[in-house]
Structure formats: structure tokens, C-alpha cells
Amino acid sequence: MPSVQWVCVPSSVGGYAEQWAVAQEALVARRRVRDFAAVVEPERALCSLSPRWPAETVEPKGLQAHEKDRLAAANWVKRLWHQRVLPGDKDAGTTGSAGRKKAAGFPSTSAVVSGPFRRRVLERLHGDREVRNAVVALEGSVAKLRVPRETPLPALRARNMAGGGDAAARWFASSAGRWVYEESWQAETLAREFPGVDATVLDGAVRAGHEALKRLLRRMLTEYTVGPPGAYLAVLAQDLDSMGRFLGGGQWGPGPRIEVGVSAHRDVSQRLSSLAATLRDGLEDSVLMGVPVYAGGDDLLAFAPASKALAAARYAHDVVVDQGDLPSVSTAVLFFHHRSSLQQAVAGAQELLEEAKSAVPERKHVRGVGYLRHSGVRESALQPWVPSGGSVGESGPARGPDRDFGLFLASSTGSGGKERDGQRDDNEQSARGLSLRLVAVLARDAAELSALPEDLYEAEVSRLVYRHGGTAGEAQALLRLGREELGPGPGVARRRPVAATRVAGFLRQECQ
């Protein structure tokens with residue numbers, strides 16, 4: 001469980017500003033001397049999530065086979081509270097008779113990553129009999145497994161997306177996140193997960209469900225050029241820069257200082273609370289389809305489908321920066337496979353955020369974009385949110401790194417359509433697509449490329465991009481990203497776009 005550190009400063013110490021300064025110093029000192037007392041529990045198994053604590057010897061009653069685990073009491077509460085302490089009604093996340101929002105937990109990673117695909121299916125559910133028949137058959141197969149109700153994606157919870165009184169539409173919007181993936185229909189896996197289902201019933205449900213899903217995927221692809229749901233989503237972490245300095249009246253950037261006092265601090269607190277509500281509402285809408293996990297104070301943690309993650313990061317950034325008199329923000333966007341460890345992904349995003357903030361410790365305002373493949377391979381690129389002057393190939397206002405990386409998002413339809421969340425054009429579509437072999441070439445020739453004069457360097461990188469199937473726009477984007485890439489040392493920029501090209505190649509290959 002989180003360890004809360006606090007200090008108390010007597011009112012006799014000067015005024016509010018002096019008390020604040022003493023409190024900050026005492027808090028730093030308190031963190032340095034905190035201890036971790038040993039927990040002595042002989043002959044007790046340790047918790048699989050928090051091995052500092054012993055696991056409970058008796059599991060909670062009524063667990064499904066896949067829910068069984070060795071957890072400490074605190075982790076059992078965290079896992080089951082939304083099911084047992086404040087259970088929702090028939091539609092998870094709805095409002096009860098007393099007007100109080102009932103708890104619904106968080107959507108699964110499969111629900112998040114499949115959100116854009118399911119929305120496109122729901123848009124055609126009532127006008128296409130073949131799509132509807134496939135969804136009804138899919139629901140019937142899942143029902144035979146007696147699968148517990150899932151928590152719906154907020155963007156699909158609205159009545160217009162859930163189909164009103166249409167049971168099939170409501171089920172597909174709220175509980176089909178896992179079942180639109182062919183790998184979910186494995187008889188051996190489902191038999192272990194649902195041991196109470198008769199083997200004959202389970203085998204029939206698996207065959208029928210898999211066939212219904214194949215019909216749905218085929219229909220969406222051939223009739224509407226909508227490809228299957230992607231496999232990757234992103235965790236988004238954001239933090240306001242130098243909040244301690246800002247609250248202490250220090251200069252945090254071009255904005256004004258605040259006068260340290262009760263009213264100023266109360267005003268900042270109220271504004272941050274209002275910003276958190278705005279961020280939650282905006283990230284959950286039908287455009288970004290995100291899932292805010294925590295939005296409060298100066299921190300944000302959220303999940304988003306891969307195709308929406310860059311736009312979600314831009315939105316979260318702009319909501320804060322548009323205030324004008326609050327500190328800037330630093331951001332981390334880490335893409336990960338929906339069947340990978342969620343704990344590892346969240347920890348990786350936090351590490352990437354710290355890396356971004358420490359790349360330029362004095363001014364910060366950096367964004368890191370990275371990926372963690374299912375195999376464990378990872379890469380990340382760091383760029384300032386606001387590019388430096390004279391961006392390559394940019395005659396108007398400087399583009400941000402999200403716009404440049406957005407060029408490499410794979411087409412969600414599989415057809416190279418005109419629009420990809422407003423980030424891609426037909427004239428930017430190359431016939432072959434950028435080959436990942438470009439990464440090896442750039443890494444191999446890095447020393448030679450860096451030694452070239454500026455005009456020859458740009459020309460040679462552009463030639464290599466064209467040779468490996470890229471476009472003029474993609475070549476300029478990689479040049480900009482490489483120019484702004486922050487190296488391992490504070491404030492150090494690397495001219496070669498090797499890391500950015502790896503991330504761009506991942507986006508092109510995996511993020512639909």
C-alpha cells in the first residue's frame with residue numbers, strides 16, 4: 001500500500017511562507033530517514049504482487065478459477081472491492097435510484113485496445129444483418145461459458161453506442177472486449193479458466209464463438225475495410241513540472257510567480273481539481289476513448305487505444321498548458337501488448353516519465369514515446385513538447401513530436417484511407433510503407449552521417465527514407481525528431497534519428 005509521508009510545522013514559525021519553506025525542508029528530510037520495518041511471518045507464503053507482505057491463507061469465497069491467487073489482504077481488497085463492496089447494477093457504472101454513481105472498476109486492457117473496432121461494429125449493427133447475426137451468435141457462445149459481466153469502456157457506455165434496449169448491442173459495447181480476439185477462443189485455456197462448464201458445452205461454444213468471430217471480422221474487412229482489433233494499447237503518464245518550486249513562489253518558466261499564501265495555494269488546488277475533472281471527461285469521450293485511472297493534483301495516469309494515444313497525450317498536455325499561468329507538463333506514452341504485464345507497463349511508463357523530466361532538468365516540458373513489445377524488446381525516444389526554432393521542412397508554426405510520430409500510425413482500415421484521426425493524408429501514403437531495415441542502416445552509418453554538413457546530412461537521410469519505402473513527409477518528420485532527440489546526458493541532443501525511427505517503425509507495424 002502507498003506510504004504517506006507528512007510533516008507538521010508549528011504556527012509559531014513566522015508567517016505562511018516561512019512555514020511552507022520549513023515544511024518542504026522537513027518533508028525532504030522525512031523521506032530520507034523513513035524506515036521499512038521487517039515483517040516477520042514464519043512459514044507463510046508471500047504475496048505474489050507485494051512480496052513484502054504475507055499472503056492470506058484462506059482465499060475469498062466465490063472466486064473464478066482464473067481469479068485464484070496468493071495475495072495479501074490489502075491486494076485482495078484492491079482487486080475485489082468493486083465487485084463486493086459497492087456492486088453495480090445490471091449495467092456497470094450506471095446510477096442507482098438514489099442518484100449515486102455505483103462502482104464499476106476499470107475496463108480490462110482487451111476492452112481498451114478493442115474499443116475503436118467495437119465502436120465501428122456498433123455503428124453498423126442495426127444496418128447490416130450479417131454483422132448483427134455474427135454479434136448475436138458471439139454473445140450466445142460467451143453466455144454458455146457463464147462469463148462474469150465486464151466493466152464497459154466509458155466511451156461505449158453511452159446509450160447511443162450501447163443500442164438503447166438492444167441486448168446484443170449492450171453486451172457488445174460492455175462485455176465483448178476480450179471476445180473479439182481469435183486467440184481468446186482456445187478450448188484448452190477456457191477449460192482451465194471455467195472448469196464448471198461441461199466439456200461438451202464448452203467445446204460447442206468455442207467452435208460456434210470462433211466461427212461467429214471469423215464471420216464478423218471478415219464482414220467488417222471486406223465490406224467496410226475495417227481491420228481486426230489491434231494488439232497494443234498505451235499507458236499515458238503526465239506530471240506538472242517543478243510544482244514544488246512553483247508553489248514555493250519560485251520561477252518555473254515564462255509564467256508569473258505566485259505569492260506564497262493560503263489563498264494562492266487554495267486557488268491552485270481548486271484549479272487542479274477542476275483540470276482533473278476536465279481531463280477525465282475529455283479522455284473518456286468517444287473521440288479519444290481513454291480510461292483515466294487517476295487524475296488529481298498534478299498527476300495523470302490513463303490508458304488509451306494505440307491509435308488514440310498520441311492524440312490523448314496532446315489533449316492532456318494542451319488542457320494544462322492552455323491555462324497559461326500553471327507550470328508546463330512532461331508526458332510519457334508507453335505502448336504495450338494487451339496480454340503483457342500491466343504492472344510492468346505502468347512501471348515502465350513512470351520510468352519513462354522520470355527519464356523525460358531528467359533529460360532537461362531545468363526547463364523540462366519533455367515528452368517520451370516508447371514501446372514494450374510482448375517479447376520484452378523496448379525502445380523510447382525523448383523530444384521537447386515545443387521544438388526548437390528552425391524545424392526542418394517547416395515553414396509555419398513548429399510541429400510537435402505527436403504530429404510527426406502520428407504520420408507513422410498504421411491505417412485503421414487497412415486500406416490506406418484518407419484520414420487517420422486527422423493525422424494522415426492520401427498524398428502521404430507510400431505504396432510500400434516504410435521498411436524497418438532503415439533502422440539498421442541509420443545505426444550502422446551513424447558516425448558517417450553525423451560528420452556530414454547539414455545540407456548533405458538532410459539529403460542523405462531523405463534518400464535513405466525514400467529507398468526504404470518512406471515518403472517526403474516521413475523523411476522530414478524523422479529529421480525533425482532526430483534533431484530534437486534528447487540524449488542520455490542533460491540537455492544533450494542527438495542528430496541521428498535512430499531511436500525515433502525505431503518508435504516510428506513500431507507505430508507503423510503495430511498500432512492500428
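We're numbering straight along the sequence, starting at 1.
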Problem - Presence of salt bridge, D325 and R271, under 4.0 angstrom - result: yes

Problem - salt bridge (charged side-chain N to carboxylate O under 4.0 Å, His left out) partners of E351, counting only residues at least two apart - result: none

Problem - Side-chain heavy atoms of Q343 within contact of L49, under 4.5 Å - result: yes

Practice task
Considering only NZ, NE, NH1 and NH2 on the basic side and carboxylate oxygens on the acidic side, decide whether R373 and E510 come within less than 4.0 Å.
Solution key: yes

Problem - Evaluation steps, side chain to side chain contact (heavy atoms under 4.5 Å, CB included), between E474 and T501 - result: CA-CA 10 Å; E474 291 168 346; T501 304; over 6 Å; no

Which donor-acceptor pairs under 3.5 Å do side chains of residues 287-296 form with protein atoms, sequence neighbours excluded?
unit_1	atom_1	unit_2	atom_2	d
Y294	OH	G296	O	3.4

Completion exercise
Taking every heavy atom of P107 against every heavy atom of P152, the minimum-distance pair comes out as CG-O, 3.4 Å

Fill in the blank from the handout: On a heavy-atom basis, the closest approach of G368 and L382 is CA-CD2, 3.5 Å

Problem - F336/H374 aromatic ring centres below 6.0 Å - result: no

Exercise for the section: Go through the steps to decide whether E458 and R463 satisfy the test salt bridge (charged side-chain N to carboxylate O under 4.0 Å, His left out), and finish with yes or no. Expected result: CA-CA 9 Å; E458 293 181 15; R463 184 189 70 82; over 6 Å; no

Problem - Pairwise side-chain contact, V180 with P229, heavy-atom cut-off 4.5 Å (strictly under) - result: yes

Completion exercise
When every non-hydrogen atom of S307 is compared with those of L409, the smallest separation belongs to O-CD1, 3.9 Å

Exercise for the section: State whether the side chain of S50 and the backbone N or O of W53 hold a donor-acceptor pair below 3.5 Å, judged by distance alone. Expected result: no

Fill in the blank from the handout: L352 and V333 have their tightest heavy-atom pair at CD2-O, 3.9 Å

Exercise for the section: Find the distance between NZ (K308) and CG (L283) and round it off to the nearest 0.5 Å. Expected result: 13.0 Å

Practice task
For D69 and S48, test the side chains for any donor-to-acceptor distance below 3.5 angstrom and give the result as yes or no.
Solution key: yes

Practice task
With sequence neighbours left out, write down each residue that passes salt bridge (charged side-chain N to carboxylate O under 4.0 Å, His left out) with D318, or none if nothing qualifies.
Solution key: R314

Handout entry: For F117, all residues meeting ring-ring contact (aromatic ring centres under 6.0 Å, His included), sequence neighbours excluded
Key = none

Exercise for the section: Taking only Lys NZ, Arg NE, NH1 and NH2, and the carboxylate oxygens of Asp or Glu, determine whether R178 and E193 approach each other closer than 4.0 Å. Expected result: yes

Handout entry: Value rounded to 0.5 Å, distance of CH2 in W185 from CG in L145
Key = 5.5 Å

Exercise for the section: Please determine if R480 and E485 form a salt bridge, counting it only when a charged side-chain N lies under 4.0 Å from a carboxylate O. Expected result: no

Practice task
Can you measure from CG (L310) to CZ (F405) and round to the nearest 0.5 angstrom?
Solution key: 8.5 Å

Exercise for the section: Answer whether the closest heavy-atom distance between the side chains of W171 and L138 falls below 4.5 Å. Expected result: yes

Exercise for the section: Could you tell me the separation between the CG atom of L156 and the OG atom of S175, rounded to the nearest 0.5 Å? Expected result: 11.0 Å

Practice task
Decide yes or no on side chain to side chain contact (heavy atoms under 4.5 Å, CB included) for L301 and L236, but give the supporting numbers first.
Solution key: CA-CA 6 Å; L301 180 68; L236 166 64; over 6 Å; no

Exercise for the section: Apply side chain to side chain contact (heavy atoms under 4.5 Å, CB included) to F246 and L326, showing your working. Expected result: CA-CA 8 Å; F246 173 69; L326 286 176; 4.1 Å; yes

Practice task
Start with the C-alpha distance between L464 and E460, add both sets of side-chain angles, then the distance that settles side chain to side chain contact (heavy atoms under 4.5 Å, CB included), and finish with yes or no.
Solution key: CA-CA 6 Å; L464 291 172; E460 179 61 13; 3.9 Å; yes

Exercise for the section: Start with the C-alpha distance between D239 and S330, add both sets of side-chain angles, then the distance that settles side chain to side chain donor-acceptor pair (under 3.5 Å), and finish with yes or no. Expected result: CA-CA 6 Å; D239 184 36; S330 291; over 6 Å; no

Practice task
Flag the pair F506 / Y371 as yes when their ring centroid distance falls below 6.0 Å, and as no otherwise.
Solution key: yes

Exercise for the section: Over all heavy atoms of both residues, which pair between A237 and Q350 is shortest? Give the atoms and the distance, please. Expected result: CB-NE2, 4.4 Å

Problem - Pair E354 + K357: basic N to acidic O under 4.0 Å - result: no

Problem - Interatomic spacing from CG in L275 to CD in Q270 - rounded to 0.5 Å - result: 12.0 Å

Problem - Backbone N/O of A111 and side chain of S108: donor-acceptor pair under 3.5 Å - result: yes

Problem - 4.5 Å side-chain heavy-atom contact, L217 and L213 - result: yes

Exercise for the section: With the side chain counted from C-beta on, respond yes when R118 and L153 share a heavy-atom pair under 4.5 Å apart, and no when they do not. Expected result: yes

Problem - Side chain to side chain, P305 and S114, heavy atoms closer than 4.5 Å - result: no

Practice task
Keeping the roles fixed (side chain from T331, backbone from R367), state whether a donor-acceptor pair exists under 3.5 Å.
Solution key: no

Exercise for the section: Look at atom CD of E448 and say whether more than 12 heavy atoms of other residues, nucleotides or ligands are closer to it than 6.0 Å. Expected result: yes

Completion exercise
SG of C511 to OH of Y232, rounded to nearest 0.5 Å, is 8.5 Å

Practice task
May I ask you to check if R124 and Y224 form a cation-pi contact, with NZ or CZ under 6.0 angstrom from the six-membered ring centre and within 45° of the axis?
Solution key: yes

Completion exercise
So the ring pair (Phe, Tyr, Trp, His ring centres under 6.0 Å) pairs with at least one residue in residues 308-334 (sequence neighbours excluded) are H317-H365, H317-W385

Practice task
Tell me yes or no: between the side chains of S435 and R437, is some donor less than 3.5 Å from an acceptor?
Solution key: yes

Handout entry: Side-chain heavy-atom pair H338, Y181 within 4.5 angstrom cut-off
Key = yes

Exercise for the section: Determine whether L122 and V135 make a side-chain contact, defined as any pair of heavy atoms from C-beta on separated by less than 4.5 Å. Expected result: no

Handout entry: Donor-acceptor contact present, side-chain T225 to main-chain L221, <3.5 Å
Key = no

Handout entry: Partner set under salt bridge (charged side-chain N to carboxylate O under 4.0 Å, His left out) for E355, not counting sequence neighbours
Key = none

Problem - Main-chain N/O of R170 paired with S174 side-chain donor or acceptor, under 3.5 Å - result: yes

Exercise for the section: State, to 0.1 Å, how close E150 and G177 come at their nearest heavy-atom pair, and which atoms those are. Expected result: OE1-N, 3.8 Å

